[in-house]
Amino acid sequence: MSVRRTSKEENPESCEDIIGNEGIGAHPGDTEAESLKLKPKIKMITFMKHKKNSKSAATFNPETPIDLDFKTIEGIADSPGDPEMECQKHKHKTKISDKIKILDFMKRQMNLKSSHTVTPEAQSVDLDFNENLKQNHLAEAQQQLVAAEERLFGSNEVASAEDEDDKLQTGYEIYMIRLRMAIYDSFNKDNKETLKSALTSILQEEAQDRRWEGVAVEQCPIWRPTKCRELHDTLLKAVVEERMSNAVEQENGADKLSTSLKREVCRIGKQVQKDLLIVVRVLRVCYPPDFDICRMYSQLYHQAFSTRLQELAKSSIDFEDCLYILSWIVDYYPRDVLEHKELKEHINNSSLGPLLPEEHLKTLEEQFFSYKEHEITKWLCNALEKEVIKWNAGTEPDLTDGYYFSNLAVDVLPLVDATVRDVKSILVCESKAQNILCPLDTFLIRYMKSLEELLKTKQENIPNILSANLVSIHQFRYYVQRAENTFSEETRTACLSTLSDLKSFCHKYFLSRIHTEMKSIYRKLWTQVWFAGHDEVVEELVKALENNIDHFKEMKADCLEELLVELHKDVMVEYVRRMMKQKLKLKDKEQQEAAAEFICQDSSKICSVFPKLGSKQEWLSQILLRLAEILRLQDPMSLQLEIVTLERVYPDISEQHVLAVLNLKSNLSNSDLRRIKLCLREHRGALDTESSPSFFSKVRVKRKILQMPG
């Protein structure tokens, strides 16, 4: 680009010839304030006051702020200039009238041979610079300025008219003010066409800045480079910050929230969503693609939101406010903004970064977790304390659908589960959700101790209280066992162990009372009395069982079923234990076959009681039948095979148990016993002890049994 200027004498179409002396408001009835339509006293970033001399000029800086009172502007020089400006103008001997009129660019543009192309819109309407500004044709006005710039600086002649520079600079200043206003007013729905024209002019200015690259500073126009793109980006940041600040003053449906922090966060969060939707729906179509305006706005709003949240997080906030901020970070903001159906395709989430820095987020998360941990412990303690007060007062448990019921699990578990879900969703951390359940095992241990203390009081309604608490124990166990519930294996195992102890504690209370009552009947089993009239003994046993079970009619069905399973097993264990005490000797085949038949009949009668009441443990009915078969068999090989089968089905049976049964058969030789012993030892290593039911381990052989022959 040639930079030497043309002298006034050599160029009859100089800038001074084109610029009139009547000022900007030369059109009848127009003032600059009317043509620019500027708001009064708007504070914005504007141009530095220019300082130049004839040989050296400073680069124009578009970011130096001053305050403009747009009411008083009627042309750049309509009111008295400030002293510094007047001094500079006097220094450079610039003779500019009090009212400068910007040259009528369009009328002269047709004759200029400029390398800059004029847009079709500017060619179609014969408007001067002032009219283009008045009609918000910023792209056309900017091209008129560029054309004048090219005319003024495009010759090799020595510069001679500094007043022409000043007039053109004034035109650029007015254009830049209008450009700022257009950008600043981006969210005005009536500003769409103005914004489009402003953006076009920015691209044109950027192209013109590039044309002056590499030219010495003293040879460039003082306003170059204008850096309009940087100005645009700076203004967008200011626009976003102002809109976010004003959002606090707007309602946005947040007024019903309980704290001022919640209301502020809600308002600015909704403002982010609202404004980004405007960007995508309206502003996006105004911008050329290379602005990547959706990315720019999303980053600006994200940063503004993040900055305000950081300020709030640093202050001392209570749990509710802490929870609300975390909810916005992990839920509302991702869901309602980043993943909004209209926004998600235009926002690159990965480029935005976290809404809060790690150190601030960690502080809030620790505050949230600590509160929730304390809260769940308090709930558990209060619920148990409430139950204990009822127990000590002798209050009868509630009856629900005909059975006693405790509210302990019902009161506690929904709160526990809700807390776990809150921790998991807010902290997005599986281990934290697992850790929040650690107090549950401590609570269950205290629950056990409280029931133990209850038994010491010897209150009359203890059976009813325990019946009610079996319901709660069952509900707790169901919750802990569910695989979908968030437990660490260590906590789950500990809780299930404690719950098993709780159930056993209640069962032991009920069953010990039954067994105490039936003790006299148990003593008759496998005695001469039993052998002489076993029907009477077993019928007495069955009747006693039915009478005792009838006391549990107000126990919930699934709890009663579990109790009956234990009772059924205990009766079978007691029967076999009495059998192995060897108070009865079967001397010959006839006695052994008779005893075997009696065992089968007893098994049928005893086991018929439990299925009617809900027990489904059919395997218990097979135990006496297998023992009866051992007594019946006389052939040593068949007997050996039956004992091996018994050991395979019940791997917890010991040699002592087998010997105790075989000792009932007085006619078994020592050699047969030795073969059975060897056979048992050979097969014991291959037994599956994990999947088989446990029974004989509960049968204690009290009297020392002689070892099998070696």
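Everything numeric in this text was worked out from a predicted model, so none of it was measured.
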Qualifying ring pair (Phe, Tyr, Trp, His ring centres under 6.0 Å) pairs with a residue from [range], counting only residues at least two apart or across chains:
{"range": "residues 385-437", "result": "none"}
{"range": "residues 551-573", "result": "F510-F552, H568-F610"}
{"range": "residues 653-682", "result": "H657-F696"}

message: If only side-chain N and O atoms count, and only distance matters, is there a donor-acceptor pair under 3.5 Å linking D501 with T498?
response: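 No.
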- prompt: Is a side-chain donor-acceptor pair under 3.5 Å present for S697 with S694?
  reply: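 Their side chains do contain a donor-acceptor pair, which is all the 3.5 Å distance test asks for.
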Once salt bridge (charged side-chain N to carboxylate O under 4.0 Å, His left out) is applied, what residue pairs with a partner in [range] remain, sequence neighbours excluded?
{"range": "residues 543-552", "value": "E546-K612"}
{"range": "residues 426-441", "value": "none"}
{"range": "residues 508-533", "value": "K524-E540"}
{"range": "residues 356-367", "value": "none"}

query: Using the benzene-type ring in the case of Trp, are the ring centres of Y447 and F505 under 6.0 Å apart?
result: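 No; F505 has its ring centre 6.0 Å or more from that of Y447.
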W526 and F531 aromatic centres sub-6.0 Å: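 Ring centres of F531 and W526 not closer than 6.0 Å.
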task: May I ask you to decide whether E574 forms a salt bridge with R578, counting only side-chain N to carboxylate O separations under 4.0 Å?
output: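 Yes, this pair counts.
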message: Whether K262 and D321 form a salt bridge (side-chain N of Lys/Arg under 4.0 Å from carboxylate O of Asp/Glu) is what I want to check.
response: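 Salt bridge: no.
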Counterpart residues, side chain to side chain donor-acceptor pair (under 3.5 Å), relative to [X] (two or more places apart):
{"X": "D535", "answer": "K605"}
{"X": "H515", "answer": "Y522, D570"}
{"X": "K503", "answer": "none"}

field: Any donor-acceptor pair under 3.5 Å from E373 side chain to F369 backbone
entry: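 Flag not set: sc E373 to bb F369 has no pair under 3.5 Å.
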- prompt: Restricting to pairs with a member in residues 483-496, which pass side chain to side chain donor-acceptor pair (under 3.5 Å), not counting sequence neighbours?
  reply: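 Passing the test, one end in residues 483-496: K424-T486, R482-E484, S488-T491.
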query: Quick one: side chain to side chain donor-acceptor pair (under 3.5 Å) pairs with a partner in residues 621-637, sequence neighbours left out?
result: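 Of all non-adjacent pairs touching residues 621-637, those that pass side chain to side chain donor-acceptor pair (under 3.5 Å) are Q592-Q634, E629-R632, Q634-N667, D635-S638.
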task: Please tell me if the side chains of I317 and T259 come closer than 4.5 Å, counting only heavy atoms from C-beta onward.
output: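 No, their side chains stay 4.5 Å or more apart.
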- prompt: Is there a side-chain contact between Q310 and P357 (heavy atoms, below 4.5 Å)?
  reply: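 With C-beta onward as the side chain, the pair touches.
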task: Start with the C-alpha gap between E452 and K449, add the side-chain angles, then the distance that decides, and say whether salt bridge (Lys or Arg N to Asp or Glu O under 4.0 Å) holds.
output: CA-CA 5 Å; E452 290 173 349; K449 291 180 179 178; over 6 Å; no
query: How far does CG of N407 sit from OG1 of T400, to the nearest 0.5 angstrom?
result: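 Rounded to the nearest 0.5 Å, the CG-OG1 separation comes to 7.0 Å.
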- request: Would you mind telling me which of D652, V658, I653 makes a side-chain contact (heavy atoms from CB on, under 4.5 Å) with E647?
  value: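 Passing option: I653.
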